[in-house]
Amino acid sequence: MSLARVGPCAFVLAALTTPAWGQPVADEPPPDGDPGAGPVDPIDDVLPEPPDPAPEPAVPPPVEPTPEPAAATPVPYGLPRSDTPPPAPPPETGFAFGSYGRIMAGSDLRGGTPEQIKVVAHAPRIVEPSYLETDLYYRFATPRGTKLRTVTTLAFGDSIFHYTGDFEARPALRNVFLEATTAHGVTLWAGSRMYRGDDLYLFDWWPLDELNTLGAGASVRKGDVDVAVHAGVNRLLDPFQYQEEQVADPDFGATTAVVLDRQRLVLSSSATYFVPTPTDVDYKLKVYGELQSLPSGERLRNDDTVEQLPQDWGATLGVQLGAWGFGGAGSGSHVNLFAKWSKGLTAFDELAPAEGLDDSLAAWPGASELVVGAGAAYGDGWGHVMASAYSRRFVDADASVMDLDDGWEWAVDVRPVAKLTGELMAGVDASYQVRFPRGLSPVTLLAADPAVAQVAPMLVYAPMGVGAYARPQLRLVWRIARLNEAALDLYPEEDPRGDHATVHFLGVQAEWWFNSSTR
């Protein structure tokens, strides 16, 4: 038979029934997933292929039980608060950034720059200069479980280029230190540090423990007791502690010599007892102590005569009672009571030279300071109210009994803020400050007590919630301050501010903090 008579269908059938070249003929069915392999059985043209066996049902993976949510870690009231769930905690390793800042723009409604009105040492902060801190952290852990972190805080004052036109920022290094926390709960640190406890927020003041120091410290928490110690020094660039003088040099003709170098030594210690309670309210009792000393030295007067500066001392004892954990969630509710007594050098700010010294140019034992203060906040879903008050008695070391520097003072400030709608709040800051100096008014030569009353309605935009410490905030503020005659007499005669008993501020403010080293 010729191929032509077979026809094209025979070639197709031959192709389907002939195994591929080089492959054996298999009697078993083709493997799964390869339906075209192996020979074709003629019976397949008559009977249908049996169905594939049903696949075995898939076994679902075991369902892990959903873990119970961990109890929220209580946030100390001094930290930023929020009514929304807190963000995830930052990692314990790597770089982190933080900041505290405040900035203000406004007018005194007479075409001038607004200013803080102050007749006491620590005035209400309703109007205060702009200020910025930027914090940079690096955190890591050792193989033994010790956690380390470096803290660098660069701070800037109120020199704003867009206001002054002066391209000068005036930065300062407020923190530069290394801190290590061991697996046994001991914390060690060394460097330059703002070393602080709890504050009176409305006065921007730490009444018990506020040190700016270059030194080192250690703390340990055992059970309900926390103990901390610290030692540091400072040497102000002031003739009271440091002097340079041009002197003759045999090789170069003249050189600069340090003729006075008095380092102030500052020692501090504290012990805090956290009272165990069966309720959500927590309590603490803190005892604080401080010692300071200055070595003797010789200071050159302007007429090149030598002035002997004696060794000097200072001591402080203080106590604090605190409670927190009440009020609404995230409200920042707390109460703190402070009492502190200081004598000698510790009656003065450690960043300023002591003034009003005795005849031997010493602060010990004549100078003294007594402070009693209180700070509180309470809030819930409606908003919050903050309050601060203090009384202070200061006496310097000179022999004068009619000194304007000596006397009593007190101040009180209350700020209720209530939610209007959404993230908008309204409030008012009301304060009063007064001083009772021993001396007479320099203008009237009569006894007079300078006093200032202030009221400041405000609108507050608070995107992080209504808590007392929820930040950031944007504020629109109108402050009206009323000065009495004795307060006006404190201005020099040529100062035009002494002509205005009512002082205004109308402007905007912004304040924020996050991951801040001071909060």
Side-chain angles (χ1 to χ4, degrees), residues 118 120-122 129 131 153-159 168-177 191-196 204-206 209-215 230-247 254-268 290-316 342-369 392 394-400 403-406 492:
K118 180 178 181 179
V120 295
H122 306 282
Y131 178 70
T153 303
L154 187 63
F156 299 86
D158 63 342
S159 179
E168 180 181 345
R170 295 189 294 172
L173 278 172
R174 297 300 306 271
N175 282 320
V176 185
F177 66 89
S192 176
R193 185 170 189 174
M194 292 181 283
Y195 198 52
R196 295 168 167 173
D204 196 17
W205 177 41
W206 288 256
D209 44 348
E210 180 190 15
L211 294 174
N212 297 271
T213 180
L214 175 63
H230 144 265
V233 295
N234 78 11
R235 190 202 61 190
L236 305 179
L237 296 180
D238 183 272
F240 188 68
Q241 288 185 250
Y242 183 79
Q243 271 189 320
E244 292 179 342
E245 192 74 14
Q246 290 289 323
V247 297
T255 188
T256 300
V258 176
V259 296
L260 179 65
D261 187 355
R262 303 172 80 198
Q263 275 195 347
R264 183 191 298 219
L265 175 65
V266 181
L267 307 174
S268 71
E290 187 179 322
L291 292 174
Q292 295 187 15
S293 71
L294 268 174
S296 59
E298 293 183 346
R299 177 170 59 181
L300 288 178
R301 299 187 180 97
N302 293 333
D303 59 0
D304 290 335
T305 59
V306 175
E307 186 175 47
Q308 296 294 330
L309 299 177
Q311 189 174 21
D312 211 351
W313 303 91
T316 288
S342 301
K343 195 169 184 64
L345 285 175
T346 57
F348 301 89
D349 189 338
E350 77 276 2
L351 291 182
E355 297 179 348
L357 305 176
D358 62 17
D359 293 340
S360 68
L361 300 179
W364 181 275
S368 66
E369 181 189 48
R392 173 177 176 262
F394 173 80
V395 177
D396 60 24
D398 62 33
S400 173
D403 197 336
L404 282 174
D405 295 337
D406 300 345

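Bear in mind the structure is a predicted one, so any value in this text is a computation, not a measurement.
- Leu260 has its side chain within reach of Leu309: a pair of non-hydrogen atoms, C-beta onward, lies under 4.5 Å apart.
- Counting non-hydrogen atoms of other residues, nucleotides and ligands closer than 6.0 Å to CG of Asn302 gives a total of 12 or fewer.
- For the side chain to side chain contact (heavy atoms under 4.5 Å, CB included) test with Glu245, the passing option among Thr255, Val258, Leu300 is Leu300; the others fail.
- Judged by distance alone, with hydrogens and angles left aside, the side-chain atoms of Arg262 form a donor-acceptor pair with the main-chain N or O of Pro295 at under 3.5 Å.
- Rounded to the nearest 0.5 angstrom, Arg235 CZ and Arg264 CZ are separated by 14.0 Å.
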Original post:
Stepwise, does the side-chain contact (heavy atoms from CB on, under 4.5 Å) test hold for Trp364 with Gln311?
Top reply: CA-CA 9 Å; Trp364 181 275; Gln311 189 174 21; over 6 Å; no

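- In this structure, the separation between NE2 on His122 and CZ on Arg392 is 5.5 Å, given to the nearest 0.5 Å.
- When side chains are defined from C-beta on, Trp313 does not count as touching Lys343, because their heavy atoms never get closer than 4.5 Å.
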Table please: side-chain donor-acceptor pairs of residues 348-356 below 3.5 Å, with sequence neighbours left out.
unit_1, atom_1, unit_2, atom_2, d
Asp349, OD1, Leu351, N, 2.9
Glu350, OE2, Asn212, N, 2.9
Glu350, OE2, Asn212, ND2, 3.2

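- Taken to the nearest 0.5 Å, the CG atom of Leu214 stands 13.0 Å off from the CZ atom of Arg193.
- A salt bridge between Asp158 and Arg170 is present, with a side-chain N of the basic residue lying under 4.0 Å from a carboxylate O of the acidic one.
- Judged by distance alone, the side chain of Asp312 and the main-chain N or O of Gly344 form no donor-acceptor pair under 3.5 Å.
- The two residues Thr346 and Gly314 make their nearest non-hydrogen contact at CG2-C, 3.6 Å.
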Original post:
For Gln246 and Thr256, what are the C-alpha separation, side-chain angles and deciding distance, and is it a side chain to side chain donor-acceptor pair (under 3.5 Å)?
Top reply: CA-CA 5 Å; Gln246 290 289 323; Thr256 300; 2.8 Å; yes

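- Between Phe394 and Ala347, the shortest heavy-atom contact is CE1-O, 3.7 Å.
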Subject >> side-chain contact (heavy atoms from CB on, under 4.5 Å) between Val266 and Val233, worked out >> reply: CA-CA 6 Å; Val266 181; Val233 295; over 6 Å; no

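- With rounding to the nearest 0.5 Å, the separation of CD in Gln243 from CG in Leu237 is 12.0 Å.
- At a threshold of 4.5 Å between non-hydrogen side-chain atoms, the residues Asn175 and Met194 count as touching.
- The shortest heavy-atom contact between Gly232 and Thr213 is CA-OG1, 3.2 Å.
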Original post:
Going through the distances and angles, do Asp398 and Ser400 end up as a side chain to side chain donor-acceptor pair (under 3.5 Å)?
Top reply: CA-CA 6 Å; Asp398 62 33; Ser400 173; 4.9 Å; no

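- Counting only distance, with no hydrogens or angles, the side chain of Thr153 and the backbone of Arg174 share no donor-acceptor pair below 3.5 Å.
- When all heavy atoms of Ala231 and Leu267 are compared, the pair lying nearest together is CB-CD2, 3.5 Å.
- Ala362 and Pro310 get closest at one heavy-atom pair: CB-CG, 3.9 Å.
- The side-chain heavy atoms of Asp406 and Asp396, taken from C-beta on, include a pair separated by under 4.5 Å.
- Relative to the six-membered ring of Phe240, Arg299 misses at least one condition, a distance below 6.0 Å or an angle of at most 45° to the axis.
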**OP:** Given side chain to side chain donor-acceptor pair (under 3.5 Å), test Gln292 with Glu290 step by step and report yes or no.
**Re:** CA-CA 7 Å; Gln292 295 187 15; Glu290 187 179 322; 2.7 Å; yes

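- Shortest non-hydrogen contact noted between Ala363 and Ala397 is O-CB, 3.8 Å.
- Side chains of Ser268 and Leu211 form a contact here, defined as non-hydrogen atoms less than 4.5 Å apart.
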